[in-house]
Visitor: 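Here's a structure for you.
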Amino acid sequence: MAGVGKAALAAWDPCRRWSWTAVSFGFHRAVSALLARKPERAPRWLPVCRQKTSFSFLSRPDLPNLAYKKLKGKSPGIIFIPGYISNMNGTKALAIEEFCKSLGHAYIRFDYSGVGNSDGNLQESTVGKWRKDVLSIIDDLAEGPQILVGSSLGGWLMLHAAIARPQRVVALIGIAAAVDGLVTKFNQLPVEVKKEIETKGVWSMPSKYSEEGVYHIQYNFIKEAEHHCMLHSPIPVNCPIRLLHGMKDDIIPWHTSLQVADRVVSTDVDVILRKHSDHRMKEKADIQLLVYTIDDLIDKLSTVGN
């Protein structure tokens, strides 16, 4: 670990024990250090309580403007890619920002088009359009190599971005990566239910993570998402990949992360399972695992670069 990272981590005030299991797909020094270190406590600042901060807009010809917040700093930079209809002000996005500040690394968080403070219409959003959003952030805002951290649907999009920009994306961290997730869940529905959704044009999918208790997903969103499915063939991503998943996830089964690990061509892949974590993985111990994983990847990439 870099010296700055050690100082930042040492300054944290421990308050809670944590545990997790790692399933390795290829040995490497970085995760060995992570396993050996076995941090036992969660950082003091994790219960995020912040005042609203200003954000900027990325203007794009013929595409909706994207709201974002950017920190300048060292390479590699970190980009957080949120989940379905999630915005850039979530617990994980803000916690990573504080961690990047402590290390002095560049960081970007943003809202998809049609979500949060970004322009656009959610009803017209698709996986393909959000893929373009991620690529716009990489191409027009980020500088140098980037580590992408994708939460849920963001974990799906980070893989697409790594395929499209292999020279810019140097590592990936998936948090309950929902690769092919909505399409898989839709295909598991009874035939009569799928026909009803097609007729109505909207899928009212129950979810405890929605304020209404349900997500209203356009049928066209599902059909367009089918064109971006990845688990049916090898995934041509070669960079280091870390997949974090809670075994209590009732939205995206943790086995999905194992499928991703099996499909990617990279040999530097680890799946880390947390026995009692749910889909959001936003508890203190979950966040601590996330930032330690980021720190180890930064250290690994710096060592390789030297």
Visitor: Any donor-acceptor pair under 3.5 Å linking the side chain of T126 with the backbone of K129?
Guide: yes

Visitor: Quick check: do S277 and D249 have side-chain heavy atoms less than 4.5 Å from each other?
Guide: no

Visitor: Assigning hydrophobic clusters by single linkage (Ile, Leu, Val, Met, Phe, Trp, Tyr; side-chain heavy-atom cutoff under 4.5 Å), is L122 placed with F110?
Guide: yes

Visitor: G83 and S152: which non-hydrogen atoms are nearest, and at how many Å?
Guide: CA-CB, 4.1 Å

Visitor: Can a donor-acceptor pair be found, under 3.5 Å and without considering hydrogens, that links the side chain of T303 to the backbone of D299?
Guide: yes

Visitor: Considering all heavy atoms of both residues, which atom of C239 and which atom of S266 are nearest to each other, and what is their separation?
Guide: O-OG, 2.9 Å

Visitor: Using 0.5 Å steps for rounding, measure from the CE atom of M247 to the CZ atom of R274.
Guide: 11.5 Å

Visitor: Can you get from L66 to L63 by hopping between Ile, Leu, Val, Met, Phe, Trp and Tyr side chains that sit under 4.5 Å apart?
Guide: no

Visitor: Is the backbone of P76 close enough, under 3.5 Å, to the side chain of H105 for a donor and an acceptor to pair up by distance?
Guide: yes

Visitor: So, do Q218 and E224 sit near enough that their side-chain heavy atoms are less than 4.5 Å apart?
Guide: no

Visitor: Quick one: are M158 and Q146 in side-chain contact, heavy atoms under 4.5 Å?
Guide: no

Visitor: Once rounded to the nearest 0.5 Å, what's the spacing between atom OG of S102 and atom CD of E97?
Guide: 11.5 Å

Visitor: Tell me whether E226 is salt-bridged to K223, with the criterion being a basic N under 4.0 Å from an acidic carboxylate O.
Guide: yes

Visitor: Membership question, hydrophobic clusters at under 4.5 Å side-chain separation (ILVMFWY): are L243 and L273 in the same one?
Guide: yes

Visitor: Tell me every residue that passes ring-ring contact (aromatic ring centres under 6.0 Å, His included) with Y68, counting only those two or more places apart in sequence or in another chain.
Guide: none

Visitor: Which distance, rounded to the nearest 0.5 Å, do you find between the CD1 of I96 and the CD1 of I78?
Guide: 8.0 Å

Visitor: With heavy-atom distances below 4.5 Å as the criterion, would you say the side chains of K208 and D250 are in contact?
Guide: yes

Visitor: How close do A261 and V269 get, counting heavy atoms only, and between which atoms?
Guide: CB-CG1, 3.7 Å

Visitor: Taking C-beta and beyond as the side chain, do F80 and M88 meet within less than 4.5 Å on heavy atoms?
Guide: no

Visitor: Around K132, counting heavy atoms of other residues, nucleotides and ligands shown, do more than 12 lie under 6.0 Å from its NZ?
Guide: no

Visitor: Looking at side-chain heavy atoms only, is the closest gap between V127 and L157 below 4.5 Å?
Guide: yes

Visitor: With a 4.0 Å cut-off on N to O distance, would you call D140 and R60 a salt bridge?
Guide: no

Visitor: Centroid-to-centroid, F221 to Y84, below 6.0 Å?
Guide: yes

Visitor: I'd like to know whether R242 forms a salt bridge (Lys or Arg N to Asp or Glu O under 4.0 Å) with D268, so could you lay out the CA-CA distance, the side-chain angles of the two residues, the decisive distance to 0.1 Å, and finally the verdict.
Guide: CA-CA 8 Å; R242 307 292 176 261; D268 188 353; 3.0 Å; yes

Visitor: Parallel, tilted or perpendicular: which describes the rings of Y112 and W130, with under 30° parallel and over 60° perpendicular?
Guide: parallel

Visitor: Please report the C-alpha distance between K70 and S56 in whole Å, then the side-chain angles of each, then the deciding distance to 0.1 Å, and finally whether the side-chain contact (heavy atoms from CB on, under 4.5 Å) criterion is met.
Guide: CA-CA 8 Å; K70 178 180 179 180; S56 304; over 6 Å; no

Visitor: Checking side chain to side chain donor-acceptor pair (under 3.5 Å) for the pair N65/D119: CA distance, chi angles, key distance, verdict?
Guide: CA-CA 5 Å; N65 297 330; D119 296 340; 3.2 Å; yes

Visitor: Do D111 and F55 come close enough that some side-chain heavy atom pair is under 4.5 Å?
Guide: no

Visitor: Between K92 (side chain) and M281 (backbone), is there a donor-acceptor pair under 3.5 Å?
Guide: no

Visitor: Using every non-hydrogen atom in the two residues, find where F57 and N117 come nearest and quote the distance to one decimal.
Guide: CE2-O, 3.2 Å

Visitor: If two hydrophobic side chains count as joined below 4.5 Å and joins carry through other members, does L153 share a cluster with Y215?
Guide: yes

Visitor: Are V115 and L141 in one and the same hydrophobic cluster, where Ile, Leu, Val, Met, Phe, Trp and Tyr link if side-chain heavy atoms are under 4.5 Å apart?
Guide: yes

Visitor: For V191 and K195, what are the C-alpha separation, side-chain angles and deciding distance, and is it a side-chain contact (heavy atoms from CB on, under 4.5 Å)?
Guide: CA-CA 6 Å; V191 174; K195 287 183 177 179; 3.7 Å; yes

Visitor: So, K101 and E98, do they make that salt bridge, N to O below 4.0 Å?
Guide: yes

Visitor: Can you tell me how far apart NZ (K300) and OG (S302) are? Round to the nearest 0.5 Å.
Guide: 11.5 Å

Visitor: G114 and S125: which non-hydrogen atoms are nearest, and at how many Å?
Guide: CA-OG, 4.3 Å

Visitor: For residues 159-184, tabulate all N or O donor-acceptor pairs below 3.5 Å that involve a side-chain atom, not counting sequence neighbours.
Guide:
{"from": "H160", "atom 1": "NE2", "to": "W156", "atom 2": "NE1", "distance (Å)": "3.4"}
{"from": "H160", "atom 1": "NE2", "to": "H228", "atom 2": "O", "distance (Å)": "2.8"}
{"from": "R165", "atom 1": "NE", "to": "D139", "atom 2": "OD1", "distance (Å)": "2.8"}
{"from": "R165", "atom 1": "NE", "to": "D139", "atom 2": "OD2", "distance (Å)": "3.3"}
{"from": "R165", "atom 1": "NH2", "to": "D139", "atom 2": "OD2", "distance (Å)": "2.8"}
{"from": "R168", "atom 1": "NE", "to": "G144", "atom 2": "O", "distance (Å)": "3.0"}
{"from": "R168", "atom 1": "NH1", "to": "I138", "atom 2": "O", "distance (Å)": "3.2"}
{"from": "R168", "atom 1": "NH2", "to": "I138", "atom 2": "O", "distance (Å)": "3.4"}
{"from": "R168", "atom 1": "NH2", "to": "A142", "atom 2": "O", "distance (Å)": "3.2"}
{"from": "R168", "atom 1": "NH2", "to": "G144", "atom 2": "O", "distance (Å)": "3.0"}
{"from": "D180", "atom 1": "OD1", "to": "M230", "atom 2": "N", "distance (Å)": "2.8"}
{"from": "D180", "atom 1": "OD2", "to": "M230", "atom 2": "N", "distance (Å)": "3.1"}
{"from": "D180", "atom 1": "OD2", "to": "L231", "atom 2": "N", "distance (Å)": "2.9"}
{"from": "T184", "atom 1": "OG1", "to": "D180", "atom 2": "O", "distance (Å)": "2.9"}

Visitor: State, with a plain yes or no, whether a side-chain heavy atom of L290 is found less than 4.5 Å away from one of V149.
Guide: yes

Visitor: Shortest non-hydrogen contact from A67 to S118?
Guide: N-OG, 2.8 Å

Visitor: For L103 and I294: C-alpha separation, side-chain torsions, deciding distance, then whether side-chain contact (heavy atoms from CB on, under 4.5 Å) applies.
Guide: CA-CA 11 Å; L103 293 181; I294 294 171; 5.7 Å; no

Visitor: Does any N or O in the side chain of R263 come within less than 3.5 Å of the main-chain N or O of I235, such that one atom is a donor and the other an acceptor?
Guide: no

Visitor: Within the side chain of S151, is there an N or O that forms a donor-acceptor pair under 3.5 Å with the backbone of P82?
Guide: no

Visitor: What side-chain donor-acceptor pairs closer than 3.5 Å can you find for residues 251-260, not counting sequence neighbours?
Guide:
{"from": "T256", "atom 1": "OG1", "to": "P253", "atom 2": "O", "distance (Å)": "3.1"}
{"from": "S257", "atom 1": "OG", "to": "H245", "atom 2": "ND1", "distance (Å)": "2.7"}

